[in-house]
Novice: 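First, the structure itself, so that you have it in front of you.
Worth saying up front: this structure is predicted, and the values here are computed from it rather than measured.
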Amino acid sequence: MAGLLLAVIYLAFISLGLPDSLLGSAWPVMHLQLQMPLSAMGIVTMIISGCTILSSLFSDRLNRRCGTWAVTTVSILLTALGLFGFSFSGQFWMLCVFAVPYGLGAGSVDAALNNFVALHYGPRQMSWLHCFWGVGTILSPYIMSDCLRVGRGWPAGYRLVGWLQVAITVLVALSLPLWKKHAETKAQQAVTPARLTFRQKLRIPGVVFVLAAFFSYCALEGTAIHWASSYFAGAKGVGEATAAAFGALFFIGITVGRFLSGFVTGRLGDNRMIWIGTALAAVGVLALLLPGMPVSVAAAAFVLLGVGCGPTYPAIIHATPDNFGRENSQGIIGLQMACAYVGSTFVPPLFGLLASWVGLQVLPVFLLMFLLLFLLLFSLLRRRLCSAKKDAVA
């Protein structure tokens, strides 16, 4: 029964990944047809992520009142509404309107499912949970690329993914008996979430550093997600349909990285997986900086960057109950999700402005800057947690 419920959770995380890579893969065509500048994608992503931040901040309260099953079902349905809205948007302002349900559907389900798996499953299941997010992000660019290649256009790509979301919504809705059975089985082990204010959460040792680290990591990840296709089209001269497919390279890498890390993270631990992944990501970024690099090498570098990023997100989330207390995990993970989306909200548009001034070829330098920032903040986090444990023992 627990395995079947985990399969449903994995399916829900595929639905979380499906919308994340669509806009970046379609934007090289969308902005031309909508007669908008390249940087206008930043406005849409800011609305999406802003709504996601809002729903992440309220995830703790929503989860206590409604439960993980209800939050998950309604959230996936909201993203389906946003996707269908995008498919019928003939003007830019319509994209901005439908970006609201598009974003609201992501934050609460992300925090709720991450906390559920962190509390009830091991590091392997957490890695594979985010691996299935990667499956969703890989599927979307290829769906969009195929629609562009056969002349159906980007609206058809959004509609196809919207119908996939509807199908997943139905399957998750039908899984209610599994959630009830799990609740009955784990009743004696249930953790009562602490009702902490925002200030109280920030005062927990290390929380400020983990939030800042999440911001910097998701700034890197979000920029790579949203600008990979435009980078290959604008800086490498790749055709539009091919560039849309190349938008999946980072997601292929991140999915492979999370799948492989699931086999070893139980032995190596969350912290070692983050250090190893960051080192691989650094190699990928540095490869992108090589002068005169052909498209094939750039493509391989994006895959390696994704492989390196793979373990980071799930490892930080899975360590949350141990680092900050099981009773605090839902609230802290909600804050982590919010800070993650702040990074993916404001930094990719910032790169769009920078690229409009100096060109898309500056993308690798931009990514390297945030990778180094993450390394610094994660080092400070580990030092603060070790200091807090020594103080507690003393």
Novice: Verify the ring-centre separation between Phe13 and Phe132: is it less than 6.0 angstrom?
Specialist: no

Novice: Are the ring centres of Tyr158 and Phe84 closer than 6.0 Å?
Specialist: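 Tyr158 vs Phe84: aromatic centres not under 6.0 Å.
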
Novice: Shortest non-hydrogen contact from Val172 to Ala12?
Specialist: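 For Val172 and Ala12, the tightest heavy-atom pair comes out as CG2-CB, 4.4 Å.
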
Novice: Answer yes if the ring centres of Phe250 and Phe302 are under 6.0 angstrom apart, and no otherwise.
Specialist: no

Novice: What about Leu16 and Trp163, same hydrophobic cluster or not, with Ile/Leu/Val/Met/Phe/Trp/Tyr joined at side-chain heavy-atom distances under 4.5 Å?
Specialist: no

Novice: Determine, stepwise, if the pair Leu77 / Thr73 fulfils side chain to side chain contact (heavy atoms under 4.5 Å, CB included).
Specialist: CA-CA 6 Å; Leu77 189 60; Thr73 304; 5.9 Å; no

Novice: Would you confirm whether the ring centroid of Trp128 sits within less than 6.0 angstrom of the ring centroid of Phe263?
Specialist: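 Between Phe263 and Trp128, the centre distance is under 6.0 Å.
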
Novice: Assess whether side chain to side chain contact (heavy atoms under 4.5 Å, CB included) is satisfied between Met126 and Leu129, documenting all intermediate values.
Specialist: CA-CA 5 Å; Met126 179 62 81; Leu129 175 73; 4.0 Å; yes

Novice: Check whether any side-chain heavy atom of Phe232 sits under 4.5 Å from a side-chain heavy atom of Trp227, and report yes or no.
Specialist: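 No. Closest side-chain heavy atoms not under 4.5 Å.
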
Novice: Has Ser387 got a side-chain atom pairing as donor or acceptor with Arg383's backbone, closer than 3.5 angstrom?
Specialist: no

Novice: Closest heavy-atom contact between Gly105 and Ser75?
Specialist: O-CB, 3.0 Å

Novice: Ala80 and Val166: which non-hydrogen atoms are nearest, and at how many Å?
Specialist: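 Closest pair (atom of Ala80, atom of Val166, distance): CB-CG2, 4.1 Å.
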
Novice: Given the side-chain rings of Trp93 and Phe98, with only the six-membered ring counted for Trp, is the space between their centroids under 6.0 Å?
Specialist: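 Between Trp93 and Phe98, the centre distance exceeds or equals 6.0 Å.
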
Novice: Answer whether the closest heavy-atom distance between the side chains of Ile254 and Glu221 falls below 4.5 Å.
Specialist: yes

Novice: Do side-chain atoms of Arg124 reach the backbone of Gly262 as a donor and acceptor pair under 3.5 angstrom?
Specialist: yes

Novice: Would you please test Gln336 and Phe215 for side chain to side chain contact (heavy atoms under 4.5 Å, CB included) and show each step?
Specialist: CA-CA 8 Å; Gln336 288 175 338; Phe215 167 86; over 6 Å; no

Novice: To check you understand the geometry: which heavy-atom pair defines the closest contact between Tyr121 and His318, and what is its length?
Specialist: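 Shortest heavy-atom contact: O-NE2, 3.6 Å.
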
Novice: Show the nearest heavy-atom pair for residues Met46 and Pro349, with the distance to one decimal.
Specialist: CG-CG, 3.6 Å

Novice: Look only at the side chain of Gln33 and the backbone of Met30, and say whether a donor-acceptor pair between them is shorter than 3.5 Å.
Specialist: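 Side chain of Gln33 to backbone of Met30, a donor-acceptor pair under 3.5 Å: no, none is there.
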
Novice: Determine, step by step, whether Phe116 and Trp69 satisfy the ring-ring contact (aromatic ring centres under 6.0 Å, His included) criterion, reporting the C-alpha distance in whole Å, the side-chain angles of both residues, the deciding distance to 0.1 Å, and the verdict.
Specialist: CA-CA 11 Å; Phe116 188 88; Trp69 170 81; over 10 Å; no

Novice: If the plane angle is over 60° it's perpendicular, under 30° parallel, otherwise tilted; pick one for Phe214 and Tyr313.
Specialist: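 Tilted: the ring planes of Phe214 and Tyr313 meet at 30° to 60°.
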
Novice: Taking ring pair (Phe, Tyr, Trp, His ring centres under 6.0 Å) as the criterion, tell me which of Phe366, Phe346, Phe370 meets it with Phe351.
Specialist: Phe366

Novice: Using the six-membered ring of Phe88, assess whether NZ or CZ of Arg159 lies under 6.0 Å from its centre and within 45 degrees of the ring axis.
Specialist: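 Judged by the rule (NZ or CZ under 6.0 Å from the ring centre, within 45° of its axis), Arg159 counts as positioned above Phe88.
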
Novice: What do the steps show when you test Val161 against Ile143 for side chain to side chain contact (heavy atoms under 4.5 Å, CB included), and what is the final call?
Specialist: CA-CA 8 Å; Val161 177; Ile143 291 172; 4.0 Å; yes

Novice: Pick from Leu22, Leu23, Val29: which one makes a side chain to side chain contact (heavy atoms under 4.5 Å, CB included) with Trp154?
Specialist: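 Exactly one pass, corresponding to Val29.
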
Novice: Which pair of heavy atoms, one from Ala212 and one from Leu377, lies closest together, and at what distance?
Specialist: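 Result for this residue pair: O-CD1, 3.3 Å.
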
Novice: If you group Ile, Leu, Val, Met, Phe, Trp and Tyr by side-chain heavy-atom gaps below 4.5 Å, do Leu113 and Leu4 land in one group?
Specialist: yes

